[in-house]
Amino acid sequence: MSVAELLVNLKELQVLDERIFDLKKKLAEIPARLKSLDSDIEALDLKVKQKEEGLKRLQLDRKNKEIDLGGKENTIKKYQTQLYQIKTNAEYTVLEKEIGGLKADKSVLEEEILALFDEIEKAEKRAAEEKKGLEEEEKKVEEEKKEIDSERQEAEKRLTELEEKRKTITPLIDKATLSRYERILHNKDGMALVPVKGENCGGCFVNLPPQIINEIRMKERIIYCERCARMLFSED
Ligand SMILES: [Zn+2]
């Protein structure tokens, strides 16, 4: 087989290999894409849980304050009953002062409880919004995952087709050239054979000496770029 014919086969192979490389890259990126979608959801889920926990803390706080308030109300009632049974003025004054203090505590608690009602209402709203956001994102992610899956199936199908086609070309290339080509392909991101562009290597763009360009055009042997090691061919 002449070098010219060999280059024709290599060019055909390179066209396939470039597509194969792109498809494999696309397939290799899929797990990371899926993982990133999952971590978006996890982050939102965490936010929802934090909001719900915050809400629970407020509700518990309110409950405790209500219990506290109930206790103070009972004590006030008890003391007020005792007031009628007291014999001395001094004792009366002490107890009255005690009741006054409890009433002051009680009104502070009542205000705090009212404020908590407001806070709880806001927290409920925020938690509900956050949850709604999560549910919407979950739906979106579900759709995106379906899309990714159909992309994957399509890419796998296409890849199988291209690899089948590749098998019809590789036997036309001698083993030594093919293995060198494949080594370059592997090391140079799926581009082993590149055209000369003007006076430059189409792979790494290094300037090629005129005599090398001549040799490439003559097609007596395969010429490799001295810088990037790719195989070179001339389009003219
Ligand atoms: Zn080069």
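It should be emphasised that the depicted structure is a prediction, and the values quoted were computed from it without experimental measurement. Atoms within a ligand are numbered from 1 in the order they appear, just like the ligands themselves.
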Problem - Distance filter under 2.8 Å, centred on the Zn ion (ligand 1) - protein N, O or S atoms that pass it - result: C201 SG, C204 SG, C225 SG, C228 SG
Practice task
Please answer whether the main-chain N or O of A192 pairs with a side-chain N or O of Q14 as donor and acceptor at a distance below 3.5 Å.
Solution key: yes
Practice task
Please confirm whether the backbone N or O of R183 pairs with a side-chain atom of N187, one donor and one acceptor, at under 3.5 Å?
Solution key: yes
Completion exercise
Heavy-atom closest pair (L37 atom, E144 atom, distance to 0.1 Å) is CD2-OE1, 3.3 Å
Exercise for the section: Return the minimal non-hydrogen interatomic distance between E130 and V48, and the atom names on each side. Expected result: O-CG2, 3.5 Å
Problem - Side-chain donor-acceptor pair present, D149, Q153, cut-off under 3.5 Å - result: yes
Practice task
State, yes or no, whether a side-chain contact exists between I213 and S234 at a heavy-atom distance under 4.5 Å.
Solution key: no
